[in-house]
Amino acid sequence: MAFSSTKSLLTPSSFTSSSSSLRSSSSPFLHTKTITSSSKPISPKPFISHSLSINNVITKPIFESPSGQKAKNPNLQESKPTILVSEKLGDAGLQLLRSFGNIECCYDLSKEDLCKKIETCDALIVRSGTKVSREVFEAAKGRLKVVGRAGVGIDNVDLGAATEFGCLVVNAPTANTIAAAEHAIALLTAMARNVAQADASMKAGQWKRNKYIGVSLVGKTVAVMGFGKVGSEVARRAKGLGMHVIAHDPYAPVDRARALAVDLVSFEQAISTADFISLHMPLTPTTLNLFNDDTFAKMKTGVRIINVARGGVIDEDALLRALDSGKVAQAALDVFAQEPPPKESKLLQQENVIVTPHLGASTKEAQEGVAIEIAEAVKGALQGELSATAVNAPMVPQAVLSELAPYVLLAEKLGRLAVQLVGGGKGIKSVKVVYESARDPDDFDTRLLRAMVTKGIIEPISNSFINLVNADIIAKQKGLRIREERVYVDTSPDFPVHSIQVQIFNVDSKFASAVSEDGHITIEGRVKYGIPHLTQVGPYAVDVSLEGNLILCRQVDQPGMIGQVGNILGDHNVNVSFMSVGRTVRRNQAIMAIGVDEVPNVEALKKIGDVSAIEEFVFLKL
Ligand SMILES: NC(=O)c1ccc[n+]([C@@H]2O[C@H](COP(=O)([O-])OP(=O)(O)OC[C@H]3O[C@@H](n4cnc5c(N)ncnc54)[C@H](O)[C@@H]3O)[C@@H](O)[C@H]2O)c1
Ligand SMILES: O=C(O)[C@H](O)COP(=O)(O)O
C-alpha cells in the first residue's frame with residue numbers, strides 16, 4: 001500500500017507505557033501527526049446472543065471484592081461464596097443456599113461480632129432482628145455484595161450505606177403477606193373479644209363472663225393504613241367479616257381499591273371515622289411516630305388499634321396516654337419500637353393491650369416461602385443476575401436484561417473510550433448520553449445503560465468500583481453530572497436502541513478530532529450483528545467493532561495510510577482485527593479507526609506517530 005505524509009498539525013504528546021493498566025494510565029497513548037488510506041468494509045458477522053451477566057452490571061467477579069480479596073477461612077472452598085445467615089431461616093432456603101455457597105449460620109451475633117465476621121462474607125441474610133448498619137458495610141471492606149432480607153421490612157438495613165458501598169439489598173416481599181394479614185385479623189378478632197385476657201384469667205383459675213364482654217365487628221368501620229400487599233389482604237378479610245373497610249395510602253392505585261370495593265380516603269378521614277385502625281405501612285422517616293398525641297386526638301373515642309407493621313410508626317408513650325385517657329380503647333401490637341421491648345415497658349402491663357412477639361410472618365408456610373424466596377434472590381444476585389426484588393437497584397426483568405445485553409456492553413465501552421479521549425486537568429463534570437430509539441420512552445428504561453456509561457467513565461480514572469447499585473451516587477459524589485436525552489428515530493422498534501452517543505463537555509481532548517463542531521468530545525456507537533460498534537468520532541463517521549483495543553488516527557486523506565500503519569503493527573506482531581476510515585471531505589482529512597488484538601508497544605506507537613501524514617493519534621484500551 002502506498003504511503004504519503006503531510007505536515008504535522010499538532011505537537012506530539014508524550015507516551016505512557018503500553019503495559020500499564022487502564023486504571024493506572026488513564027491517559028491513553030496519544031500522538032500527533034499523520035495520514036490516510038482507503039477504507040476496508042467490515043465483514044458482516046453472525047448474530048451473537050449475549051446473556052447478560054451482572055458481573056458486568058452488579059458485581060465484579062462475584063466472590064471477590066474490588067481488591068480481589070478472597071475468603072479468609074482456609075477450611076472453606078475458595079470457589080464458593082460465603083453466605084452468613086444471622087437469623088433463623090427455613091430449611092428449604094438453607095438447602096438451596098448450601099447447593100452453591102458456604103453457609104455460616106450464626107444467630108444472635110453482637111454488633112461487634114457481626115462486624116468482625118462480615119469481612120469474610122459475600123452475602124448476609126437477615127430477618128428483622130439484625131441491624132445492618134453503616135458500620136457493617138464499612139467493616140465488610142467491599143467484599144459484601146448482597147444483603148438478603150428474609151421478609152419485607154428493610155428498615156433494619158442502612159440502605160444509603162449499602163448503596164454507597166455498591167451492595168445490593170434484596171428482600172422477600174411476597175411470601176409472608178398472607179401470614180401477616182392473617183395475624184392482623186387474628187389480633188383484630190382476639191382484641192374485640194378479649195381472647196387473650198380471658199384466656200389468661202381462666203388459666204389463673206377465674207371464670208369472669210361479664211368482665212370480658214367484647215364488641216362486634218360486623219358493620220364497624222376499619223381503616224387500613226397502608227394499602228399494599230398486606231393491607232389489601234387485611235381489607236379483603238375484613239370485608240368477609242362484614243366490616244366497612246376504608247383505606248388510606250397516598251401511593252396506592254385506585255384500581256386496586258376499586259377491585260376490593262374499598263374507599264381510599266385521606267389520612268384525617270380514615271383516622272377520624274374508624275372504629276378499628278390497622279397499620280400496614282412501612283417504617284420510613286415519614287411514617288416514624290405518625291401516630292402521636294396529635295393524631296390520637298383526632299380519632300374517635302374508643303378506637304381500637306392493630307399494629308402488625310412496625311413499632312416505630314406509633315409513638316408508644318403517646319399510645320399509653322391515649323389508652324389511659326380512654327381515647328384508645330384497646331391496642332393489639334405485634335411490633336415495637338424496640339424489639340424485644342424492655343421488660344418494664346408499660347405497654348406490656350396494660351390490661352387493654354394484647355401483644356405478640358413479632359409473629360406476623362411466623363407461620364410454617366410463610367417461613368418456608370420466605371426462605372426460598374430470599375435464597376433464590378441471593379443466589380441470583382451472587383451469580384450476577386439482577387434481582388426482581390432488588391431494593392436499592394432497578395429491578396430489570398430478565399427479558400429486558402437479555403435484550404439490553406449488547407447495549408449494556410456498548411454503553412460501558414463508549415464511556416470507557418470517551419474518558420480516555422479527555423486531556424488536560426480540568427476534570428469531567430458534565431456528560432450527556434443521547435439514545436436514539438424507535439421505542440416509546442415508557443417502553444425504554446435507560447437506567448441500566450446510564451449506569452454502564454457511568455461505570456465506563458469513572459472506573460478507569462478512580463479506585464471506585466461501580467455497579468448498577470452505586471453508579472448514580474458515586475457519580476454525584478465525584479461531581480459528575482450525567483444528563484440523558486432520548487431522540488426518536490424512525491427505525492425498527494424491535495431493537496431497543498438505535499445508537500448511543502456519549503458527549504463530554506467543557507474538557508480538552510487528547511484527540512482533537514473527537515471534538516464535535518459544538519466543542520465537546522463526542523463518540524457514538526451502535527450494536528451491529530449483536531456486537532457493539534463505534535460509529536462516530538467527533539464529526540467523523542467510522543465503523544469499527546469494539547473488541548480488543550483501538551487506535552484512532554487522524555491523517556491526510558490520501559492513499560496508502562492503512563498499509564503504512566498496518567505494516568508497523570505487523571512488524572510488531574500486533575494483529576489488526578478491524579479497520580475503518582471516515583472522512584468529512586474527500587482528500588482532506590480522515591480518521592482511521594484500527595482495532596487491534598494486542599497492545600502495541602511503545603516503539604510501535606512511536607513509529608505510527610512518526611508517519612508524517614498522521615496528524616494525531618490515540619491508543620485506547622477498551
Ligand atoms: N409483623 C410482621 O411480621 C410483618 C410481616 C409482613 C410485613 N410487615 C410489615 O407490614 C408493612 C407492610 O408490608 P407489605 O408487604 O404490605 O408492604 P407493601 O410495600 O406492599 O405495602 C406498604 C404500603 O404502605 C404504603 N405507604 C407508604 N407510606 C405510607 C403512608 N405514609 N401512609 C399510608 N400508606 C403508606 C405504600 O404505598 C404501600 O402501598 C411493612 O412495614 C412490613 O415490614 C410486618
Ligand atoms: O417485615 C417483615 O417481613 C416482617 O416484619 C417479618 O419480620 P421477621 O422476618 O423478623 O419475622
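For the single chain, residues carry numbers from 1 onward in sequence order. For the numbers below, each heavy atom of this structure counts, side chains included, while hydrogens, waters and symmetry mates do not. Note that ligands are numbered from 1 as they come in the structure, with each ligand's atoms numbered from 1 the same way. All of these numbers come straight from a predicted model, not from anything done at the bench.
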Peer 1: Would you say ligand 2 has an N or O under 3.5 Å from any N or O of Val152?
Peer 2: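 Yes - when backbone and side-chain N and O of Val152 are compared with those of ligand 2, one distance drops under 3.5 Å.
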
Peer 1: Quick test of your reading of the structure: of Gln367, Arg127, His358, whose heavy atom lies closest to atom 5 (O) of ligand 2?
Peer 2: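 Among Gln367, Arg127, His358, the closest heavy atom to atom 5 (O) of ligand 2 comes from His358.
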
Peer 1: Check ligand 1 against His358 and write out every atom of the ligand that is under 4.0 Å from a heavy-atom position of the residue.
Peer 2: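 That gives atoms 1 (N), 2 (C), 3 (O) of ligand 1.
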
Peer 1: Looking only at distances, can you tell me whether any N or O atom of Arg256, backbone or side chain, sits closer than 3.5 Å to an N or O atom of ligand 1?
Peer 2: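 Not met; the criterion fails.
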
Peer 1: Should Glu484 and Tyr435 be marked as a side-chain hydrogen bond (donor to acceptor under 3.5 Å, both in side chains) after you check the CA-CA gap, both sets of side-chain angles, and the distance that decides it?
Peer 2: CA-CA 8 Å; Glu484 291 179 289; Tyr435 312 95; 2.6 Å; yes

Peer 1: Going by atom types alone, do Thr130 and Ser86 pair a side-chain donor with an acceptor below 3.5 Å?
Peer 2: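 Yes.
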
Peer 1: If you draw a 6.0 Å radius around CZ in Arg193, do more than 12 non-hydrogen atoms from other residues or ligands fall strictly inside?
Peer 2: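 Not more than 12 within 6.0 Å, no.
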
Peer 1: Below 4.0 Å, non-hydrogen atoms only: which portion of His280 touches ligand 1? Side chain, backbone, both or neither.
Peer 2: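 For His280, the contact with ligand 1 is made by the backbone alone.
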
Peer 1: Please check this pair: side chain of Thr446 against backbone of Leu449, looking for a donor-acceptor N/O pair closer than 3.5 Å.
Peer 2: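 Here the side-chain-to-backbone pair does not exist.
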
Peer 1: Looking at Asp440, I want to see if its CG is surrounded by more than 12 non-hydrogen atoms of other residues, nucleotides or ligands under 6.0 Å.
Peer 2: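 It does: Asp440 CG has more than 12 such atoms within range.
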
Peer 1: Is it the case that the side chains of Gln330 and Asn194 hold a donor-acceptor pair, with the cut-off being a distance below 3.5 Å and no angle test?
Peer 2: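 Yes.
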
Peer 1: Glu233 and Thr177: side-chain donor and acceptor closer than 3.5 Å?
Peer 2: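 Looking only at side-chain atoms, Thr177 and Glu233 do not form any donor-acceptor pair under 3.5 Å.
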
Peer 1: May I ask you to identify, for Val230, whether its side chain, its backbone, both or neither come under 4.0 Å of ligand 1 on a heavy-atom basis?
Peer 2: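 Looking at Val230 and ligand 1, atoms from backbone and side chain both fall under 4.0 Å.
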
Peer 1: So which bit of His183 gets within less than 4.0 Å of ligand 1, heavy atoms only: side chain, backbone, both or neither?
Peer 2: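 Near ligand 1, His183 shows nothing, with every heavy atom at 4.0 Å or more.
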
Peer 1: Any idea which atoms of ligand 1 are less than 4.0 Å away from a heavy-atom of Ala309?
Peer 2: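 Counting atoms of ligand 1 from 1, those under 4.0 Å from Ala309 are 9 (C), 10 (O), 44 (C).
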
Peer 1: Examine Thr286 against ligand 1 and note whether any of their N/O atoms are separated by less than 3.5 Å.
Peer 2: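 The answer is no, given that Thr286 and ligand 1 share no N or O pair closer than 3.5 Å.
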
Peer 1: Select one of side chain, backbone, both or neither to describe which atoms of Phe267 lie under 4.0 Å from any atom of ligand 1, heavy atoms only.
Peer 2: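 For Phe267, no heavy atom sits under 4.0 Å from ligand 1.
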
Peer 1: What part of Ala361 sits under 4.0 Å from ligand 2 if we count only heavy atoms: the side chain, the backbone, both or neither?
Peer 2: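 Looking at Ala361 and ligand 2, just side chain atoms fall under 4.0 Å.
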
Peer 1: Output the list of atoms in ligand 2 that are nearer than 4.0 Å to some heavy atom of Gly151, sorted by atom number.
Peer 2: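 Near Gly151, meaning under 4.0 Å from one of its heavy atoms, ligand 2 has 3 (O).
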
Peer 1: Purely on distance, is any nitrogen or oxygen of Gly153 under 3.5 Å from one on ligand 2?
Peer 2: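 Yes: some nitrogen or oxygen of Gly153 is under 3.5 Å from one in ligand 2.
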
Peer 1: Is it true that Ala150 lies under 4.0 Å from ligand 2, counting heavy atoms only?
Peer 2: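 Heavy atoms of Ala150 do come under 4.0 Å of ligand 2.
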
Peer 1: With a 3.5 Å cut-off and no angle check, do the side chains of Thr356 and His183 form a donor-acceptor pair?
Peer 2: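 Their side chains do contain a donor-acceptor pair, which is all the 3.5 Å distance test asks for.
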
Peer 1: Is Asp334 in contact with ligand 1, taking contact as a heavy-atom separation below 4.0 Å?
Peer 2: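 True for this residue.
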
Peer 1: Judged by non-hydrogen atoms, does Pro282 sit under 4.0 Å from ligand 1?
Peer 2: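 In this structure, Pro282 qualifies as a contact of ligand 1 - some heavy atom is under 4.0 Å.
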
Peer 1: Please compare Asn176, Asp249, Ile178 and report which has the shortest non-hydrogen distance to atom 25 (C) of ligand 1.
Peer 2: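 Looking at heavy atoms only, Asp249 sits closest to atom 25 (C) of ligand 1.
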
Peer 1: Starting from atom 7 (O) of ligand 2, find the nearest protein heavy-atom neighbour and note its residue, name and distance.
Peer 2: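 Of the protein heavy atoms, Arg149 NH2, 3.1 Å lies nearest.
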
Peer 1: Taking non-hydrogen atoms only, is Ser362 closer than 4.0 angstrom to ligand 2 via side chain, backbone, both or neither?
Peer 2: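 The answer is neither.
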
Peer 1: Which part of Glu87 is near ligand 2, with near meaning a heavy atom under 4.0 Å away: side chain, backbone, both or neither?
Peer 2: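 The answer is neither.
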
Peer 1: Kindly indicate, with the supporting measurements, whether the criterion side-chain hydrogen bond (donor to acceptor under 3.5 Å, both in side chains) is fulfilled by Thr389 and Glu373.
Peer 2: CA-CA 9 Å; Thr389 63; Glu373 199 177 358; over 6 Å; no

Peer 1: Can you tell me if Lys346 has over 12 outside heavy atoms packed within less than 6.0 Å of its NZ?
Peer 2: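 Incorrect, the count does not exceed 12.
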
Peer 1: If I apply the N/O under 3.5 Å rule, does Asn176 come out as touching ligand 2?
Peer 2: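 Indeed, backbone or side chain, Asn176 has an N or O that close.
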
Peer 1: Could you say whether the N/O atoms of Met281 and ligand 1 ever approach to under 3.5 Å?
Peer 2: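 It does: an N or O of Met281 is found under 3.5 Å from an N or O of ligand 1.
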
Peer 1: Any idea which part of Val308 is under 4.0 Å from ligand 1, heavy-atom wise: side chain, backbone, both or neither?
Peer 2: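 Both backbone and side chain.
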
Peer 1: Can you tell me how the ring of Phe291 sits relative to the ring of Phe267, calling it parallel under 30°, perpendicular over 60° and tilted otherwise?
Peer 2: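 Rings of Phe291 and Phe267: tilted, as their planes differ by 30° to 60°.
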
Peer 1: Quick check on side chain to side chain contact (heavy atoms under 4.5 Å, CB included): which of Thr286, Val230, Asp249, Leu290 does Met281 satisfy it with?
Peer 2: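 Answer after filtering Thr286, Val230, Asp249, Leu290: Leu290.
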
Peer 1: Which residue holds the protein heavy atom closest to atom 10 (O) of ligand 2, what is that atom called, and what is the gap in Å?
Peer 2: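 Protein heavy atom at minimum distance: Ser128 OG, 2.4 Å.
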
Peer 1: Out of Ala180, Ala175, Gly226, indicate the one that has the non-hydrogen atom closest to atom 5 (C) of ligand 1.
Peer 2: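 The nearest heavy atom belongs to Ala180.
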
Peer 1: Heavy-atom contact under 4.0 Å between Thr177 and ligand 1?
Peer 2: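 No, Thr177 has no heavy atom closer than 4.0 Å to ligand 1.
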
Peer 1: Go through the steps for Lys379 and Glu376 under the test salt bridge (charged side-chain N to carboxylate O under 4.0 Å, His left out), then give the verdict.
Peer 2: CA-CA 5 Å; Lys379 181 182 175 195; Glu376 279 172 350; over 6 Å; no

